[in-house]
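Notes to accompany the following structure.
Scope of the values below: all heavy atoms of this structure, side chains included, with no hydrogens, waters or symmetry mates.
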Amino acid sequence: MPPLTPEPPTSHARSGRRALFAWVTAIALTVALIAAAGQWAANRETAFQTDSIRRAMEVHVLGLRDTAGKYGYLPLTAGMHPDVLAALAHPQDAAVRQRANRYIEEVNRDAGSDVLYLIDPQGFTLAASNWATPQSFVGQSYANRPYFIDALAGRQGLFYGVGQTTGEPGLFVSAPVRSESGAVLGVMAAKVVLRQAAWAFLRDPILLTDAHGIVFLSSVPAWMYRATRALSDADLGEVQRHQQYGDRNRFPAVPWTVERGDTDKPAYLVRTDIEGRSRRFLAVDEALPDLGWTLTVMADHAEVTAARERTWMLGLLGAGVLLLGGLYWQLRERRFAEQRDARRDLEQRVRERTRALDEAHAFRKAMEDSLLVGMRARNLEGRIIYVNPAFCEMVGYGADELLGRLPPYPYWHPDDVAQHWRHNDTMLSGQTDLSGFESRLRHRDGHEVITRVYTARLIDAGGQHSGWMSSVVDITAQKRAELRQRENDEQLQHAQRLASLGEMASTLAHELNQPLMALSNFASAAKAFAEQGNQALLADSLDETVAQAQRSAEIVRRIRGFVRQRTAGAEDCAVSALVANAMALLQGEMRLRQVRAEVRIPPALPTVRGDRVLLEQVLLNLLSNSLQAMQATPPEQRTLEVEAEVVEGRVLIRVADRGPGIDAALAEQVFAPFFTTKAGGLGLGLNICRTIVEAHRGRLSFADRPGGGTVFTLELEVST
């Protein structure tokens, strides 16, 4: 047997190197596989957390949009109320503003908003739901607020910021208040505090930032009013100009570090310290363009790290793969159970939110059905797709009779069919008039309904134009009221003339008595002179007879011109002539009452523009009142003074007497209709006088006269 030949040392070395290489390769491959598995697990956990964040974000977005959209209707509908329009038309009338305060307070209480308030075009609050509280908005200026600027420009405003009055942050929703012609009269705004109380109990951070990147709502208090990006000078100036966050002029950066990996993935990593402990979160942003905000929801990144480390441990403990497999399975099942629990919890929350949305929809539907304004929606073809009960009641047709109908509609007035077609074609072409238009409708029972129609585009949930929504306001009663008011004004003026004529009856008899007696005397004298053949004295007597006849005719002409219902219209009137004509009608009464007149009118006084007969009526009424006021005054003190002057381009005519004056307790009622202190008086004289003067763009006022008596001042424009 031949001796064994030992393997050469080089063979052992090569074998050892191969084994070492195999081990190294196996270890490297194992490490690579473990690293790949760990990265796969990390990516999977990241995707799962991103999906969980998305689902949670949908719930938060629904809540935010529901809060913002829930009150979007409130300023628009509240601004249509007559009390609101009256407050804007008469901002100095305290009673009108108080009615507006109480109406806005009631609407705010029913709607559930925090504050509802009315702003005039200068930015000052006229009425508010918190008018009776120490922090009332009434009288405050919000002219610098974007929501006021947007609404004053005719757009709906939406703005989040710190209240200038209360210092409490909230969401401000605004809408323009329009007149019947469509002009913006003011702004109605509502404030809603976003009370996200549930955020305080969330495990992971959640925050809202505005268009400038400033955090205004966060579950982490230390991040409030910090910026997620550097603010430009323009952004900082805009925030300070609008006082969006009170007096804050610095917005330091949020204390975190952002790490972004793949730009195609929506999630990114945030490193920060919370309560002294270093934390890492996976964050996802959701832009809310309709609100101008960005919602950021975070989840603890420790779950991603834990998934990677678990996978590494499983790879390293290959010998215990079954044990680790079982452990992984158990952990996996636990995780799935947690996912199922989280899914069930999420589904429950979604059901609750859906139920809340259904209730909110039912509430809005009930409010919509209770509106007095008719609502009608049509698709792009002009087919009616919605009507509310107010519209059905307005035209007398039920919803089942109107839905699906194409024009011509059954409520079109047969005399205005061409006009209805013209309005319909204008609407379908997209040329709607925001100021609205008047339309005469025919009720089912045959009576006419005068309406004003406002039409706007109907936008669906996808942002597409799907039709037209019209608000139909019944203005029949308003039109009738305006007609009755005009008729009443004319009748009151005529009644005042007749009343004044009755008061002058005795004066007229006295005035005519003298020229008639003179006519009789001169006629008798003329007869005697004719018999005597004295031609000179006969001619003088006849001349005097003619003069007295002309005087009588002039007196009658003045009275007839005063009583006549219609006048010649506006003309240039000399103040001296107006006063002289009025004084001429009262000469007899002045002699009976032993009143001395002092008239001081400069000869170079400019003329005034107006209706001569109406202005003479005003002066006659003032002079007559002064005469009657001095009835109890001693005769030697009965002086009636009339003077005129020009002050700041306007003519002032003053009528002063020496009567007892006007009691201070009755001062506010002097110009009220049907108020009188004279027995048998109608109480219309001074009220109609003021109406006539204001129609001439003038002003009528009174004051106590030093030494006793009253001075009435008539202020009129100078003729141009």
Checklist line | Whether S179 side chain and A183 backbone form a donor-acceptor pair below 3.5 Å | finding: yes
Check: Which value, rounded to the nearest 0.5 Å, describes the distance between I450 atom CD1 and E438 atom CD?
Finding: 7.5 Å
Next item on the list: Taking all non-hydrogen atoms of both residues into account, name the closest pair between A127 and I104 and its distance.
Entry: CB-CD1, 3.9 Å
Check: Under 3.5 Å, is there a donor-acceptor pair linking the side chains of T710 and R705?
Finding: no
Notebook entry, point to check: Considering residues, nucleotides and ligands other than R444, do more than 12 of their heavy atoms fall under 6.0 Å from its CZ?
Noted result: yes
Item checked: Backbone of Q140 reached by a side-chain donor or acceptor of T125 within 3.5 Å -> yes
Margin query: Regarding T451 and D474, do their side chains bring together a donor and an acceptor under 3.5 Å, going by distance alone?
Written below: no
Margin query: Quick check: do T639 and E598 have side-chain heavy atoms less than 4.5 Å from each other?
Written below: yes
Margin query: Do V608 and L578 make a side-chain contact, defined as non-hydrogen atoms from C-beta onward lying under 4.5 Å apart?
Written below: yes
Notebook entry, point to check: Between E106 and R102, does at least one N-O distance fall below 4.0 Å, as a salt bridge requires?
Noted result: no
Next item on the list: Please check if any side-chain donor atom of T713 sits under 3.5 Å from a side-chain acceptor atom of S701, or the reverse.
Entry: no
Item checked: Check ion pair R697-E715 (N to O, under 4.0 angstrom) -> no
Next item on the list: Go through L88 and L118 one step at a time and tell me if the side chain to side chain contact (heavy atoms under 4.5 Å, CB included) criterion holds.
Entry: CA-CA 9 Å; L88 289 171; L118 175 64; 4.1 Å; yes
Notebook entry, point to check: Hey, are R480 and E482 close enough for a salt bridge, meaning a charged N less than 4.0 Å from a carboxylate O?
Noted result: no
Next item on the list: Keeping the roles fixed (side chain from S136, backbone from A132), state whether a donor-acceptor pair exists under 3.5 Å.
Entry: no
Notebook entry, point to check: Would H413 and L441 satisfy side chain to side chain contact (heavy atoms under 4.5 Å, CB included), going step by step from the backbone distance to the final call?
Noted result: CA-CA 5 Å; H413 198 285; L441 307 180; 5.9 Å; no
Next item on the list: Measure across L640 and S626 and return the closest heavy-atom pair with its distance rounded to 0.1 Å.
Entry: CD1-CB, 3.5 Å
Notebook entry, point to check: Is there side-chain contact between L700 and C689, with at least one heavy-atom pair below 4.5 Å?
Noted result: yes
Check: V184 and V177: side chain to side chain contact (heavy atoms under 4.5 Å, CB included), yes or no, with the steps?
Finding: CA-CA 6 Å; V184 177; V177 178; over 6 Å; no
Next item on the list: Could you tell me whether the side chain of V655 reaches within less than 4.5 Å of the side chain of D657, counting heavy atoms only?
Entry: no
Notebook entry, point to check: Is R654 salt-bridged to E645, going by a charged N under 4.0 Å from an acidic O?
Noted result: yes
Next item on the list: Would you give the length of the straight line joining atom CZ of R596 to atom CD of E636, rounded to the nearest 0.5 angstrom?
Entry: 10.0 Å
Check: Where is the tightest heavy-atom contact between L152 and P121, given as atom of each residue plus distance?
Finding: CD2-O, 3.7 Å
Next item on the list: Can you measure from CG (L185) to CD (E180) and round to the nearest 0.5 angstrom?
Entry: 10.0 Å
Next item on the list: Could you pull out the closest heavy-atom pair between H420 and R440, with the gap in Å?
Entry: NE2-O, 3.1 Å
Checklist line | Exam field: side chain N388 to backbone V373, donor-acceptor pair closer than 3.5 Å | finding: yes
Check: Do the side chain of D416 and the main chain of Q419 share a donor and acceptor less than 3.5 angstrom apart?
Finding: no
Margin query: Tell me whether Q587 contacts the main-chain N or O of M583 through its side chain, where contact means a donor paired with an acceptor under 3.5 Å.
Written below: yes
Check: Is the backbone of C573 close enough, under 3.5 Å, to the side chain of R609 for a donor and an acceptor to pair up by distance?
Finding: no
Checklist line | Exam field: side chain T607 to backbone S719, donor-acceptor pair closer than 3.5 Å | finding: no
Note to self: Counting C-beta onward and ignoring hydrogens, is there a side-chain heavy-atom pair between M590 and L627 closer than 4.5 Å?
What the structure shows: yes
Check: Please walk me through it: do L620 and N581 pass side chain to side chain contact (heavy atoms under 4.5 Å, CB included)?
Finding: CA-CA 9 Å; L620 182 63; N581 291 339; over 6 Å; no
Check: Would you say R638's side chain and Q631's backbone share a donor-acceptor pair under 3.5 angstrom?
Finding: yes
Next item on the list: Output the distance between atom CG (L428) and atom NE2 (H423), rounded to the nearest 0.5 Å.
Entry: 13.0 Å
Check: With under 30° as parallel and over 60° as perpendicular, where do the rings of F391 and Y411 fit, or are they tilted in between?
Finding: perpendicular
Next item on the list: Measure across G698 and R650 and return the closest heavy-atom pair with its distance rounded to 0.1 Å.
Entry: CA-NH2, 3.6 Å
Checklist line | Donor-acceptor contact below 3.5 Å, side chain H443 vs main chain D445 | finding: yes
Next item on the list: State, yes or no, whether a side-chain contact exists between V575 and V651 at a heavy-atom distance under 4.5 Å.
Entry: yes
Notebook entry, point to check: Is any side-chain heavy atom of L623 closer than 4.5 Å to a side-chain heavy atom of V642?
Noted result: yes
Check: Is the shortest heavy-atom distance from the side chain of V96 to the side chain of D83 under 4.5 Å?
Finding: no
Notebook entry, point to check: Which distance, rounded to the nearest 0.5 Å, do you find between the CG of N625 and the CE of M630?
Noted result: 11.0 Å
Notebook entry, point to check: Nearest heavy-atom pair of T455 and S470: which atoms, and what distance?
Noted result: OG1-OG, 3.0 Å
Check: Considering the options F124, W131, F148, F137, which one meets the ring-ring contact (aromatic ring centres under 6.0 Å, His included) requirement together with Y117?
Finding: F137
Check: When you check the side-chain N and O atoms of E717 and H696, is any donor under 3.5 Å from an acceptor?
Finding: no
Checklist line | Nearest-0.5 Å distance that lies between atom CG in D120 and atom CG in L126 | finding: 4.5 Å
